[in-house]
Amino acid sequence: MHVTTDLKVLYFGTPVVLIGSRNEDGSANLAPMSSAWWLGQRCMLGMGNRSKTVANLLRERECVLNLVSSDMAGAVDRLAPLTGATPIPERKAAMGYRFEADKFGAAGLTPQASEVVKAPRVEECPIQLECLVESVHAFGETASAIEVRVVRAHVEERLVIPGTDHVDPVGWDPLIMKFCEFFGGGSQVHPSALAEAWQMPHRRSGRAPVG
């Protein structure tokens with residue numbers, strides 16, 4: 001049995017990425033996002049045009065995509081209500097976002113120097129992808145689809161299948177965001193400040209929170 005409904009959110013589940021970028025003064029910015037998909041050695045990122053990250057990517061033409069494991073949900077949740085933009089966009093201010101210059105410190109994460117780009121990696125992330133911005137496409141009236149090309153990949157040794165250049169899909173347990181809630185291994189792993197800010201009507205289930 002199906003019902004016809006006007007879905008308010010089409011956000012069925014994508015991996016969480018922490019995007020490392022550089023601010024105008026050379027300082028580090030870090031932002032969580034989960035509208036990303038890969039094809040070959042490229043990735044398409046979907047983000048709102050008024051975000052600090054978008055401004056940094058357009059100016060610097062580079063970033064690092066730090067892929068988050070499910071046990072890092074707590075750190076991502078600490079980043080969720082923060083913004084590096086000042087003044088804070090009106091819509092975000094109404095949802096309780098606050099300005100934070102030191103995103104790494106606020107999340108309890110460690111910046112790590114990259115090898116090809118100047119944007120920072122996240123030491124705690126098991127997969128880190130250094131990228132160059134290839135093109136930017138308008139996506140609706142308030143967002144952009146930003147195409148990036150991976151120029152260097154860093155993967156924890158335990159996740160690489162011995163003798164290959166492939167990630168072990170059994171060992172890799174990414175943090176997934178479904179309708180603004182955090183999931184890993186098929187279960188809800190942590191309460192989401194973002195879901196509360198967006199007033200998402202969710203049922204709670206899954207294993208005990210981590211991080």
Over all atoms of both residues, closest heavy-atom pair of Gly20 and Ala119: O-CB, 3.4 Å

Could you state whether Met33 and Leu58 fall into the same hydrophobic cluster, counting links through intermediate Ile, Leu, Val, Met, Phe, Trp or Tyr residues with side-chain heavy atoms under 4.5 angstrom apart? yes

Measuring only between side-chain heavy atoms, which start at C-beta, is Cys63 closer than 4.5 Å to Val148? yes

Treating Ile, Leu, Val, Met, Phe, Trp and Tyr as nodes and any side-chain heavy-atom pair under 4.5 angstrom as an edge, say whether Val151 and Leu67 lie in one connected cluster. no

Spatial distance of atom CG (Asp168) from atom CG (Leu159) [nearest 0.5 Å]: 7.5 Å

Shared hydrophobic cluster for Ile19 and Leu30 (ILVMFWY, side-chain gaps under 4.5 Å): no

Pairwise distance CD(Glu130) to CD(Glu115) - rounded to 0.5 angstrom: 6.0 Å

What I'd like to find out is whether the side chain of Phe104 reaches to under 4.5 Å of the side chain of Leu79, using heavy atoms alone. no

How about Ser69 and Asp173: do any of their side-chain heavy atoms sit closer than 4.5 Å? no

Please answer whether the main-chain N or O of Ser27 pairs with a side-chain N or O of Asp25 as donor and acceptor at a distance below 3.5 Å. yes

Does a side-chain N-to-carboxylate-O contact under 4.0 Å join Lys52 and Glu24? yes

Could you measure the distance from the SG atom of Cys131 to the CG atom of Leu65? Nearest 0.5 Å is fine. 4.0 Å

When rounded to the nearest 0.5 angstrom, what distance separates OG in Ser114 from NE2 in His154? 6.0 Å

Full working for side-chain contact (heavy atoms from CB on, under 4.5 Å) between Leu45 and Cys43: CA-CA 6 Å; Leu45 309 170; Cys43 179; 3.7 Å; yes

Should Val68 and Val17 be marked as a side-chain contact (heavy atoms from CB on, under 4.5 Å) after you check the CA-CA gap, both sets of side-chain angles, and the distance that decides it? CA-CA 6 Å; Val68 182; Val17 180; over 6 Å; no

Minimum side-chain heavy-atom gap Val160-Asp165 below 4.5 Å: no

Counting only heavy atoms not in Gln41, do more than 12 fall under 6.0 Å of its CD? no

Taking NZ, NE, NH1 and NH2 as the nitrogens, is one of them in Arg42 or Glu147 under 4.0 Å from a carboxylate oxygen of the other? yes

Side-chain heavy-atom pair Asn29, Arg22 within 4.5 angstrom cut-off: no

For Pro120 and Asn66, work out which heavy atoms get closest and say how close. O-ND2, 3.9 Å

Taking all non-hydrogen atoms of both residues, which atom of Val133 and which atom of Val136 are closest, and how far apart? CG1-CG2, 4.2 Å

For Arg158 and Pro126, the nearest pair of non-hydrogen atoms, with its separation, is NH2-CB, 4.2 Å

Any side-chain heavy-atom pair from Ile176 and Pro15 closer than 4.5 angstrom? yes

To the closest 0.5 Å, what do you measure between CD (Gln112) and CZ (Arg121)? 4.0 Å

Only one of Leu57, Val54, Val117 clears side-chain contact (heavy atoms from CB on, under 4.5 Å) with Ser21; which? Leu57

Applying side-chain contact (heavy atoms from CB on, under 4.5 Å), run through Met72 and Leu175 and close with a yes or a no. CA-CA 8 Å; Met72 294 180 63; Leu175 182 64; 5.6 Å; no

Should Lys103 and Leu82 count as side-chain neighbours, where that means a heavy-atom distance under 4.5 Å? yes

Would the distance check show the side chain of Asp102 and the main-chain N or O of Gly105 forming a donor-acceptor pair, the cut-off being under 3.5 Å? yes

Set out, in order, the CA-CA distance, both residues' side-chain angles and the distance that settles side-chain contact (heavy atoms from CB on, under 4.5 Å) for Gln128 and Arg152, then state yes or no. CA-CA 8 Å; Gln128 310 155 334; Arg152 175 98 13 121; over 6 Å; no

CD (Glu157) with more than 12 external heavy atoms under 6.0 Å: no

Do you know which two heavy atoms are closest between Phe99 and Ala85, and how far apart they sit? CD1-O, 3.6 Å

4.5 Å side-chain heavy-atom contact, Val64 and Leu129: no

Check whether Ile146 and Trp38 end up in the same hydrophobic cluster, where Ile, Leu, Val, Met, Phe, Trp and Tyr are linked by side-chain heavy atoms less than 4.5 Å apart. yes

Tell me whether Ile127 shares a hydrophobic cluster with Leu132, the cluster being built from Ile, Leu, Val, Met, Phe, Trp, Tyr side chains joined at under 4.5 Å. no

Which heavy atom of Gly108 sits nearest to which heavy atom of Glu124, and what is that distance? O-OE2, 4.2 Å

